[in-house]
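Worksheet for the structure shown next.
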Amino acid sequence: MDNKYNANSIDSVINYALQLKGKTLREACGNSIESHGYTGKGNFGQLLENFYFGIERNSRAEPDFLKVGLELKTSPLKINRKGEYSSKERLVLGIINYLKVHNETFETSSFWKKNAHLLLVFYLHDKHKDLLDYFIKIVGSWKYPSQDLLQIKRDWELINQKIKEGKAHELSEGDTFYLGACTKGSKGGNLRKQPFSHVQAPQRAYSLKQKYVNHIIANITDSETEVYGKIIDELAKVDASMSIEEVVILKFEPFYGKSVLEIAKILGLKINNKAKNYLAKLTNKLITKSILGIEASKKIEEFEKGNIEVKTIRLRADNLPKENISFRAFNYNRIINEDWEESGFKDILERRYLFIFYQFENKQLILKKVKFWNMPYLDIIEAKEVWEKTVQIIKQGNIVKRVDKNGKRFTNFPKKSNHRISHVRPHASNKYDTYPLPIADVLTGETKYMKHCFWLNNNYVKNEIYLK
DNA sequence: GCATGATCATGC
DNA sequence: GCATGATCATGC
């Protein structure tokens, strides 16, 4: 290519990239894209690389801009409810080569050689437009803050450990904090060999979690509005070699065995135990104020970036959670148009959770223990059946099985008694709280139906999370 | 006593 | 008005 930029100068490369802001690929590359055989298919990143930067397509282990150590990454944006740009997806950083990585250390890994310094180009995705007409909104370079890098290294090592144990097929995005192993390839069906097991494993890629990418965006555009507290600052006071999770648990332990009343007293909180969410609120304050030593109003940066969801559980004396665990209601029209790989339920199942277990003892709630957890991959595959059945029932308009004399509905959705992990039940304010149906219900002719959601079975929580 | 359907309370 | 977290009601 001509001398649009100097490939030996990092500033030159970045400045050239910054000129993309506000433009589309068509505007930025002139006619060269069409004249080079662009067929309407392809990927935004490749087109940008070829036609704007003049780099031939490659799948090298080195960064795209080799001489200055910069790796070009493009990623779509969406507009969130507040009208701000946020990442539409996780940021994929390259396929995991199961056969090779077990010989690498993080510092010498091909992952780190390639991805230590990123040149990021974010464009606004619009399903009504040709990708040549997407507007490029955010451009910037990115290096990991040293505190994040420690965690990313831990994440990378955990992924490697699983491969070394012959468990590449059990990898899940929820295993790790910032750097995830996401499925990659046609509907997750791409199977690869792994070195220490004869079981073939779904192809996966290193990726930064969507929430982490949002923080990168806020950082690049200098638009961070939330005020965060950091666990890591507490960590340094304890023992810098401990992980975020170890520190959180260590800080919780002094409260084990204490009652909600005692904890409230320590926190200086009044308890309104008529409010259904008082325990969740108390837990939240406990985490921020007492355990992490930050202001209760602040969000915890690491939990945000790592997409960690806190769940408060009340156990009965026999260790069974008093209730099943609900998630957000699904939209009938949306769920039937999703692939499993991009489905909301898979997102729920691949997340990492922090469970806070309280137990009833002599009518008092006692903090028993806390546990970071994510669903094992094989269980996710099992729970997938519940999703598939649900989608099929909605597609067939076969939701209602019968209506009793009081108007109470019985559905064909997957039941708890037939499924070990998860089931489907209503999750609505009342029966008038509905979502539209894609096709009318065969039995009742109704075109909308009470909101439902996936629930995690309480006996699964007892056996697979609390007792394990 | 549990499974399943239905609804409540709060905060943003 | 809705998402979130949770509990209630009933019949088998």
Side-chain angles (χ1 to χ4, degrees), chain A residues 80-84 225-227 260 269-288 296-299 303-304 307-332 334-335 344-345 347-348 351 353-360 363 365 386 389-390 393 399-436 441 443-444 446 448-463:
Chain A
N80 68 18
R81 271 186 299 173
K82 291 182 197 162
E84 302 157 340
T225 49
E226 293 278 0
V227 182
V260 165
L269 269 182
K270 278 184 191 165
I271 291 198
N272 168 16
N273 56 12
K274 277 186 188 139
K276 285 187 176 183
N277 64 350
Y278 82 90
L279 195 62
K281 278 177 76 173
L282 177 107
T283 302
N284 202 24
K285 290 249 163 92
L286 180 62
I287 294 173
T288 52
S297 59
K298 287 184 183 171
K299 289 188 175 176
F303 283 12
E304 280 277 301
N307 201 16
I308 307 298
E309 185 156 328
V310 179
K311 289 281 186 193
T312 310
I313 309 292
R314 293 157 167 83
L315 298 169
R316 307 189 314 195
D318 62 357
N319 294 333
L320 189 72
K322 198 164 157 284
E323 307 289 341
N324 304 294
I325 297 169
S326 64
F327 299 99
R328 58 181 298 185
F330 50 75
N331 175 313
Y332 299 112
R334 213 171 293 153
I335 197 172
F345 192 43
D347 256 9
I348 287 169
R351 283 184 91 160
Y353 291 88
L354 173 58
F355 280 95
I356 318 284
F357 291 105
Y358 294 87
Q359 189 161 38
F360 290 100
K363 301 203 171 172
L365 271 173
V386 172
K389 281 186 184 173
T390 303
I393 286 164
I399 295 178
V400 183
K401 190 189 218 164
R402 70 183 173 92
V403 183
D404 78 2
K405 58 183 190 302
N406 300 316
K408 192 166 164 178
R409 310 303 167 92
F410 295 83
T411 73
N412 290 306
F413 283 134
K415 295 173 189 302
K416 186 179 172 189
S417 51
N418 295 332
H419 297 276
R420 185 175 68 98
I421 298 172
S422 172
H423 65 280
V424 172
R425 276 209 345 267
H427 193 188
S429 299
N430 53 48
K431 61 185 166 188
Y432 306 106
D433 189 11
T434 61
Y435 275 131
D441 187 76
L443 189 76
T444 64
E446 289 163 324
K448 52 190 181 176
Y449 201 70
M450 196 198 302
K451 290 177 184 171
H452 277 60
C453 79
F454 294 99
W455 296 72
L456 199 59
N457 297 355
N458 58 353
N459 40 4
Y460 178 82
V461 174
K462 172 185 167 181
N463 295 324

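Residue numbers start from 1 in every chain, and the chains themselves are labelled A, B, ... in the order their sequence lines are given, proteins ahead of strands.
Every side chain to side chain contact (heavy atoms under 4.5 Å, CB included) that A/Lys408 has, sequence neighbours left out, goes to A/Asp404, A/Phe410. The side chain to side chain donor-acceptor pair (under 3.5 Å) check on A/Tyr435 picks up nothing, with sequence neighbours excluded. Every residue two or more places apart in sequence or in another chain that forms a side chain to side chain donor-acceptor pair (under 3.5 Å) with A/Thr283 is listed here: A/Tyr358. Scanning for side chain to side chain donor-acceptor pair (under 3.5 Å) contacts around A/Arg425 gives A/His423, with sequence neighbours left out. Residues forming a side chain to side chain contact (heavy atoms under 4.5 Å, CB included) with A/Pro414 (at least two apart in sequence, or on another chain): A/Val386, A/Lys389, A/Thr390, A/Ile393, A/His419, A/Val424. For A/His427, there are no side chain to side chain donor-acceptor pair (under 3.5 Å) partners at least two apart in sequence or on another chain. Evaluation of the side chain to side chain contact (heavy atoms under 4.5 Å, CB included) rule for A/Asn430 yields A/Tyr432, A/Asp433 as partners, not counting sequence neighbours. Under the rule for a side chain to side chain contact (heavy atoms under 4.5 Å, CB included), the partners of A/Lys415 that lie at least two apart in sequence or sit in another chain are A/Lys401, A/Ser417, A/Asn418.
Nearer to the 5' terminus of DNA chain B, by closest-nucleotide assignment, is the contact made by A/Asp318 (compared with the other of A/Asp318 and A/Tyr449). Sequence order on DNA chain C of the closest nucleotides to A/Trp455 and A/Ser429 puts A/Ser429 first from the 5' end.
Between the axis at the start and the axis at the end of the helix from B/dG1-C/dC12 to B/dC12-C/dG1 there is an angle of 30°, using five pairs per end and rounding to 10 degrees.
Remark: A/Arg314 is in phosphate contact with C/dT7, judged by side-chain N or O atoms under 4.0 Å from OP1 or OP2. Between A/Lys311 and C/dT4, a side-chain N or O to OP1/OP2 separation shorter than 4.0 Å is absent. Not one side-chain nitrogen or oxygen of A/Arg409 sits closer than 4.0 Å to the OP1 or OP2 atom of B/dA6.
The distance between atom NZ of A/Lys431 and atom P of C/dT10, rounded to the nearest whole Å, is 13 Å. In this entry the distance linking OH of A/Tyr353 with P of C/dG5 reads 10 Å, nearest Å. Regarding A/Leu456, its CG atom lies at a distance of 16 Å from the C1' atom of B/dA3, rounded to whole Å. The interatomic distance linking A/Leu315 (CG) with C/dA6 (C1') rounds to 15 Å, in whole Å. Rounded to whole Å, the distance from OH on A/Tyr358 to C1' on C/dA6 is 15 Å. Distance CG (A/Leu279) to P (B/dA9): 18 Å, rounded to an integer number of Å. Atom CD in A/Glu309 sits about 9 Å away from atom C1' in C/dT4, given to the nearest Å. Counting to the nearest Å, the P atom of B/dA9 and the CG atom of A/Asp433 are 15 Å from each other.
Using a distance-only test at 3.5 Å, with no hydrogens or angles considered, no donor-acceptor pair links the side chain of A/Ser422 to the main chain of A/Leu456. Judged by distance alone, with hydrogens and angles left aside, the side-chain atoms of A/Asn331 form a donor-acceptor pair with the main-chain N or O of A/Arg334 at under 3.5 Å.
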Let me check something: any side-chain donor-acceptor pairs from residues 313-326 of chain A under 3.5 Å, sequence neighbours excluded? List them with distances.
unit_1: A/Arg316; atom_1: NE; unit_2: A/Asp318; atom_2: OD1; d: 3.2
unit_1: A/Arg316; atom_1: NH2; unit_2: A/Asp318; atom_2: OD2; d: 2.7
unit_1: A/Asp318; atom_1: OD1; unit_2: A/Leu320; atom_2: N; d: 3.1
unit_1: A/Asn319; atom_1: OD1; unit_2: A/Gln359; atom_2: NE2; d: 2.8
unit_1: A/Asn324; atom_1: OD1; unit_2: A/Lys416; atom_2: NZ; d: 3.4
unit_1: A/Asn324; atom_1: OD1; unit_2: A/Asn458; atom_2: N; d: 2.8

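Residue A/Tyr432 is classed as having no contact, given no heavy-atom separation below 4.0 Å to the nucleic acid. Across all strands, A/Lys451 comes closer than 4.0 Å only to sugar-phosphate atoms, never to a base (heavy-atom distances). Counting non-hydrogen atoms under 4.0 angstrom, A/Ala428 reaches a base of the nucleic acid.
For the segment residues 410-425 of chain A, the set of residues with a heavy atom within less than 4.0 Å of an atom of DNA chain B comprises A/Phe410, A/Thr411, A/Lys415, A/Lys416, A/Ser417, A/Arg425, in numerical order. Within residues 320-327 of chain A, the residues that place at least one heavy atom under 4.0 Å from DNA chain B are, in residue-number order, A/Asn324.
Judged by atom type and distance alone, A/His427 reaches the base of C/dG5 through a side-chain donor-acceptor pair under 3.5 Å.
Looking at A/Phe330, A/Phe327, A/Phe345, A/Phe413 one by one, the single match for ring-ring contact (aromatic ring centres under 6.0 Å, His included) with A/His452 turns out to be A/Phe413.
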